[in-house]
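Have a look at the structure below before the remarks.
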Amino acid sequence: MQQERQRKNNYPMNTFMTMSLPSDIHYARIASKTAMMVAEFFSGQSGIAEKREEFCHAFELAVAEAFANSVFNAAPQEKERQVMISFSSEKSELMVSVSDANPEFDPEMQVPDILSYPEHGYGLVLIRQLMDSVRYSRQDGMNQLSMIKNAG
Amino acid sequence: MQQERQRKNNYPMNTFMTMSLPSDIHYARIASKTAMMVAEFFSGQSGIAEKREEFCHAFELAVAEAFANSVFNAAPQEKERQVMISFSSEKSELMVSVSDANPEFDPEMQVPDILSYPEHGYGLVLIRQLMDSVRYSRQDGMNQLSMIKNAG
Amino acid sequence: MTVNEKKCKGITIVSLNGSLDAASAPGVLNSSSALTDTQSIVIDLSGVDFLDSSGLGCLVGIARKKREQGGDVRLACLNEKLRKVFDITRASRLFDIYDDAEYAAGTAAKK
Amino acid sequence: MTVNEKKCKGITIVSLNGSLDAASAPGVLNSSSALTDTQSIVIDLSGVDFLDSSGLGCLVGIARKKREQGGDVRLACLNEKLRKVFDITRASRLFDIYDDAEYAAGTAAKK
Ligand SMILES: Nc1ncnc2c1ncn2[C@@H]1O[C@H](COP(=O)(O)OP(=O)(O)O)[C@@H](O)[C@H]1O
Ligand SMILES: Nc1ncnc2c1ncn2[C@@H]1O[C@H](COP(=O)(O)OP(=O)(O)O)[C@@H](O)[C@H]1O
């Protein structure tokens with residue numbers, strides 16, 4: 001945890017946009033499409049054309065996964081839950097952070113063996129592969145998963 | 001103003017989603033598409049099918065207009081300006097509010113005579129026609145334009 | 001926003017594609033000299049999926065300048081969303097609006 | 001998400017359209033009995049513009065149940081975004097993936 005916070009401090013990024021959405025799976029597509037549009041605009045300014053589609057899809061899918069995890073792992077007692085999303089950048093790197101008040105979790109979970117036909121457990125694996133770097137932090141009872149990718 | 005605040009209190013709506021975006025015209029389309037998606041989801045639950053497209057376009061366009069007004073009428077001295085958008089609802093009514101720290105303005109402005117080829121001044125006229133009701137309030141140095149439409 | 005030109009019956013048809021809005025409208029005039037010179041043109045809006053008041057203002061400005069100089073502009077292929085903007089602002093009174101860009105070019109050529 | 005069925009060479013092709021994701025996946029199985037019964041089928045994904053891990057889990061679940069009962073499922077027409085999901089998770093090892101749904105139905109029929 002301490003180590004995570006230090007790493008976070010080594011990553012001073014400028015947050016330019018924030019959202020707070022209901023913790024309801026029907027908002028996942030709004031969150032993921034918005035993330036895709038932000039990535040489109042960001043990479044249109046500073047990105048290489050051929051990598052742009054891949055860059056935008058990475059944010060679309062990573063936010064869909066992180067948002068769904070926030071919704072499906074919410075503590076049942078809490079009402080009026082919200083999922084917070086923030087977009088930050090530094091040079092050609094775009095970061096999206098997804099935060100919730102869920103129980104703490106281990107972000108390093110591995111995907112189960114595909115040949116056993118697992119129906120769950122792919123989300124964090126996808127996020128880690130789509131992004132250049134993923135940081136988890138737990139602070140003040142909130143989980144924050146920060147996902148960073150370079151548009152260059 | 002006093003009157004406005006009273007009217008607002010007669011409209012107790014549940015805010016379910018908020019966004020804060022850079023006061024930069026390139027984010028207008030992100031704001032307006034997000035508004036359209038929220039309206040789509042909202043009217044898909046409680047709306048009549050044939051009016052749905054019109055309902056969604058009303059939110060798409062009204063948010064585009066209000067956002068552009070926030071960007072183009074910002075006080076020049078302020079830096080790192082943000083435009084705030086919030087979505088609220090009550091029964092089959094959806095409300096979107098667009099807020100900024102710009103100078104106060106008169107929301108009742110009329111469109112100039114079309115036959116004189118005006119290139120500006122259509123924004124608030126469009127908003128008033130697209131929506132069932134529009135409320136303006138000025139509080140704590142912030143403008144808030146609240147736009148309400150019934151999905152029924 | 002992308003802008004393309006073609007000739008039809010001696011008239012230039014300028015096709016706009018994308019959102020014609022506050023972000024894109026300022027760049028449109030620079031993307032095709034046919035929009036700003038004196039010749040009569042048809043603007044094909046079939047590829048425009050979204051129009052806001054700044055986009056409308058851009059079209060109104062084109063019409064005013066053309067007509068001051070003896071030219072004209074006709075519009076073609078407005079979807080429901082665009083028609084709504086024209087109806088509310090009464091900008092439909094400023095434009096001849098056609099369902100088909102080539103037909104609009106034909107009527108412009110005959111004039 | 002909309003679901004359509006057609007027969008080709010005796011094999012049912014189920015076409016999915018829209019986003020196959022955490023919001024839509026739970027409803028998909030109820031929308032077509034061909035997805036859950038024992039017969040071999042082809043799932044045409046050409047209309048699916050977005051797939052997330054819940055959508056993938058849904059397809060994996062269909063494959064497992066079919067194969068346990070002696071049937072099979074083939075997939076057709078995955079766009080780049082969908083292929084990426086299959087590649088990262090190595091789910092491509094679980095499925096025969098074709099570019100064309102009718103060709104996939106033909107190979108299933110011959111088997
Ligand atoms: N936001 C979150 N809040 C609480 N727990 C989470 C969160 N995200 C992930 N987890 C935990 O990590 C596990 C693995 O997540 P993931 O790889 O996305 O697979 P899946 O969600 O399909 O199980 C989840 O099952 C859950 O226990
Ligand atoms: N968010 C805002 N902040 C400050 N002034 C505004 C705002 N919205 C509207 N106005 C004022 O109202 C006027 C009319 O707005 P509008 O009808 O949209 O036309 P236009 O923006 O094309 O002039 C603007 O020119 C501006 O003076």
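Lettering of chains follows the sequences in order, A, B, ..., and the numbering in each one begins at 1.
With sequence neighbours left out, A:Ala39 forms a side chain to side chain contact (heavy atoms under 4.5 Å, CB included) with A:Phe55, A:Cys56, A:Phe59, A:Leu94. Under the side chain to side chain contact (heavy atoms under 4.5 Å, CB included) criterion, A:Ser20 pairs with A:Gln82, A:Met84, B:Thr18, not counting sequence neighbours. By the side chain to side chain contact (heavy atoms under 4.5 Å, CB included) test, D:Ala105 is found to be paired with D:Cys8, D:Ile11, D:Ile13, D:Val42, residues two or more places apart in sequence or in another chain being considered.
Proximity to chain D is limited to the side chain of A:Ala68, based on heavy atoms less than 4.5 angstrom apart. For A:Phe72, the part lying near chain D is the side chain, with the backbone staying farther off; criterion is any non-hydrogen pair under 4.5 Å. For a residue to count as touching a neighbouring chain, one of its non-hydrogen atoms must lie under 4.5 Å from one of that chain's; by this rule D:Leu59 does not touch chain A.
At least one side-chain heavy atom of D:Ile97 sits less than 4.5 Å from a side-chain heavy atom of D:Phe86. Under the 4.5 Å side-chain criterion, counting only non-hydrogen atoms from C-beta, A:Ile148 is not in contact with A:Val134.
Of the listed residues (A:Val125, A:Val71, A:Leu115), the greatest number of heavy-atom pairs within a distance under 4.5 Å of chain D belongs to A:Leu115. Taking A:Ile25, A:Leu61, A:Ile114 one by one and counting their heavy-atom pairs under 4.5 Å with chain D, the maximum is reached by A:Ile114.
For A:Tyr136 and A:Phe105, the ring centers are positioned less than 6.0 Å apart.
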Considering only heavy-atom distances, could you tabulate the donor-acceptor pairs under 3.5 Å between chain A and chain D?
unit_1: A:Arg29; atom_1: NE; unit_2: D:Ser19; atom_2: OG; d: 2.8
unit_1: A:Glu54; atom_1: OE2; unit_2: D:Lys84; atom_2: NZ; d: 3.4
unit_1: A:Glu60; atom_1: OE1; unit_2: D:Lys81; atom_2: NZ; d: 3.0
unit_1: A:Glu65; atom_1: OE1; unit_2: D:Ser53; atom_2: OG; d: 2.6
unit_1: A:Glu65; atom_1: OE2; unit_2: D:Ser53; atom_2: N; d: 2.6
unit_1: A:Glu65; atom_1: OE2; unit_2: D:Ser53; atom_2: OG; d: 3.3
unit_1: A:Tyr117; atom_1: OH; unit_2: D:Arg67; atom_2: NH1; d: 2.8
unit_1: A:Glu119; atom_1: OE2; unit_2: D:Arg64; atom_2: NH2; d: 3.0

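In plain terms, the two heavy atoms of A:Met131 and A:Ala58 that are nearest each other are CE-O, 3.5 Å.
Atom OG in A:Ser88 sits 7.0 Å away from atom CE in A:Met13 (nearest 0.5 Å).
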